[in-house]
K.L.:
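Below: one structure in structure tokens.
Letters go in sequence order (proteins before strands), and every chain restarts at 1.
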There are 2 protein chains.
Amino acid sequence: MLKISKKADYALMALQHIALVQFGDVTPGRVVNTKEIAEEYNIPLELLAKVLQALSKNGMIESHNGPKGGYLLARNASHITIAQILESIEGPLGLTDCSHEKDGDFCMQREHCNIRTPLLKVQDSIYQLLNSMTLQDMMGGTPLITIQSPSTQGVDR
Amino acid sequence: MLKISKKADYALMALQHIALVQFGDVTPGRVVNTKEIAEEYNIPLELLAKVLQALSKNGMIESHNGPKGGYLLARNASHITIAQILESIEGPLGLTDCSHEKDGDFCMQREHCNIRTPLLKVQDSIYQLLNSMTLQDMMGGTPLITIQSPSTQGVDR
DNA sequence: CTTGAGTCCGACTTATTTGATCGGAGATCA
DNA sequence: TGATCTCCGATCAAATAAGTCGGACTCAAG
């Protein structure tokens with residue numbers, strides 16, 4: 001239960017990858033294109049493209065068009081929270097359908113519903129949790145490309 | 001995002017209702033049948049039946065067959081957690097598909113996946129949150145028996 | 001200034017999950 | 001014994017998610 005979608009999964013992977021390339025190792029501020037990420041993680045190219053578009057539209061990354069184009073983090077990794085990323089892809093957090101209902105529309109159960117209020121509390125707690133964790137926190141201790149000698153820069157494998 | 005299913009919703013409502021009838025007001029230890037709950041909250045009868053069956057199978061409630069039959073909480077409301085209820089309906093908590101993977105099966109992204117570990121931490125935090133909240137907590141504001149001394153064990157009202 | 005590599009974007013198809021329904025078997029009390 | 005109720009498996013329909021396709025726009029190199 002409470003599973004996040006594959007798209008959200010891909011978003012997290014892609015952002016983490018971009019962050020690593022941008023801040024993690026020697027290659028300085030290099031842009032990352034869709035194809036590179038798709039191949040690295042075995043993600044369907046077209047689907048990943050859509051995910052990255054959504055992230056761009058929501059201000060998580062910046063896109064640069066044309067040849068040698070690609071994506072860049074819109075701001076520092078420590079200022080991008082998990083909550084922001086997930087909401088960019090899956091829409092606002094909401095345990096139940098009635099989470100964001102205005103006073104106008106009711107669910108069929110609303111009149112006798114006693115679980116709405118406590119569930120909203122739970123939801124709020126989860127949100128705070130997701131919003132306190134940043135992209136930076138997800139880069140800790142991962143031995144990815146790790147040390148790459150400066151002489152081999154630009155040569156990715 | 002992170003929405004729980006309608007069935008889980010119904011489960012929470014139904015359990016809360018049963019708990020109220022059993023502990024909350026004057027009618028003492030009365031059993032509650034499916035129809036009563038379905039009508040009270042406008043839930044499709046057959047669907048609610050399935051939900052209650054699942055709850056029964058998972059030890060949340062006890063079923064009593066035949067005429068004048070119905071459901072009863074299997075134990076005190078303070079010993080039934082939200083996590084237990086949700087897992088009875090929706091299966092084990094898992095943000096990603098790979099949450100419960102054994103070492104044998106890999107997802108396509110596993111080899112380069114750097115987000116698994118941090119996500120598992122988040123997942124664990126959410127679980128603790130859901131597991132620390134009980135059915136009793138969801139009855140807040142409703143005057144119920146509250147304190148039950150250990151000496152009255154076995155006598156559930 | 002043309003061309004090709006690359007992003008961008010929306011519509012579309014397919015697969016999976018969820019919501020809801022139906023029919024009958026077994027249990028219990030009057 | 002009969003009426004009522006839970007129990008349980010199978011099935012259908014609707015909603016959502018995953019993945020695909022085709023074309024328009026943008027930029028840098030030749």
K.L.:
Work out which heavy atom in K35(B) is nearest to a heavy atom in L45(B); give both atom names and the distance.
P.N.:
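Heavy atoms of K35(B) and L45(B) come nearest at CA-CD1, 3.7 Å.
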K.L.:
Taking only side-chain nitrogens and oxygens of S56(B), does any of them come within less than 4.0 Å of OP1 or OP2 of dT6(D)?
P.N.:
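For dT6(D), OP1/OP2 do not have a side-chain N/O of S56(B) under 4.0 Å.
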K.L.:
Of K57(A) and N65(A), whose closest DNA chain C nucleotide lies nearer the 5' terminus?
P.N.:
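Nearest-nucleotide comparison on DNA chain C picks N65(A).
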K.L.:
Go nucleotide by nucleotide along DNA chain D from the 5' end; which of T34(B) and K68(A) gets its closest nucleotide reached first?
P.N.:
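Counting from the 5' end, the first nearest nucleotide belongs to T34(B).
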K.L.:
Tell me: CG of L55(B) to C1' of dC8(D), nearest whole Å?
P.N.:
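Going from CG in L55(B) over to C1' in dC8(D) covers 15 Å.
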K.L.:
Kindly point out which of dT28(C), dT26(D), dT6(D) is positioned nearest to the side chain of P67(B)?
P.N.:
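Of the options given, the side chain of P67(B) lies nearest dT28(C).
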K.L.:
Could you list the protein-to-nucleotides 16-20 of chain D atom pairs, N/O on both sides, closer than 3.5 Å?
P.N.:
| residue | atom | partner | partner atom | Å |
| --- | --- | --- | --- | --- |
| dA18(D) | OP1 | K6(A) | N | 2.6 |
| dG19(D) | OP2 | Y10(A) | OH | 3.3 |

K.L.:
So which atom in L95(B) and which in Q123(B) form the shortest heavy-atom distance, rounded to 0.1 Å?
P.N.:
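Closest approach of L95(B) to Q123(B), heavy atoms only: N-OE1, 3.1 Å.
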K.L.:
How many whole angstroms separate atom CD1 of I89(B) from atom P of dG19(C)?
P.N.:
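Rounded to the whole Å, the gap is 11 Å.
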K.L.:
Could you tell me how far apart L48(A) (CG) and dC9(C) (P) are, to the nearest whole angstrom?
P.N.:
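Nearest whole value for this atom pair: 15 Å.
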K.L.:
Roughly, in whole Å, what's the span from CG in N58(A) to P in dC9(C)?
P.N.:
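Whole-Å distance recorded here is 12 Å.
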K.L.:
dT7(C) P sits how many Å from L72(A) CG, rounded?
P.N.:
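It is 13 Å, rounded to the nearest whole Å.
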K.L.:
To the nearest 0.5 angstrom, please state how far the CG atom of L2(A) sits from the CE atom of M1(B).
P.N.:
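Going from the CG atom of L2(A) to the CE atom of M1(B) covers 10.5 Å.
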K.L.:
Using residues 127-135 of chain B as the side-chain source, report each donor-acceptor pair under 3.5 Å to any protein atom, sequence neighbours left out, with the distance given to one decimal.
P.N.:
| residue | atom | partner | partner atom | Å |
| --- | --- | --- | --- | --- |
| Q128(B) | NE2 | D124(B) | OD2 | 3.2 |
| N131(B) | OD1 | T81(B) | OG1 | 2.8 |
| S132(B) | OG | Q128(B) | O | 3.4 |
| S132(B) | OG | L129(B) | O | 2.8 |
| T134(B) | OG1 | Q136(B) | N | 3.2 |
| T134(B) | OG1 | D137(B) | N | 3.3 |
| T134(B) | OG1 | D137(B) | OD2 | 3.4 |

K.L.:
What pairs with E62(A) under side chain to side chain contact (heavy atoms under 4.5 Å, CB included), at least two apart in sequence or on another chain?
P.N.:
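E62(A) satisfies side chain to side chain contact (heavy atoms under 4.5 Å, CB included) with H64(A), A74(A) only.
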K.L.:
Atom CE of M60(B) and atom NE2 of H79(B): how far apart are they, to the nearest 0.5 Å?
P.N.:
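Between M60(B) CE and H79(B) NE2, I get 13.0 Å after rounding to 0.5 Å.
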K.L.:
Report the distance from atom CD of Q53(B) to atom P of dC22(C), rounded to the nearest whole Å.
P.N.:
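Value for this atom pair: 16 Å.
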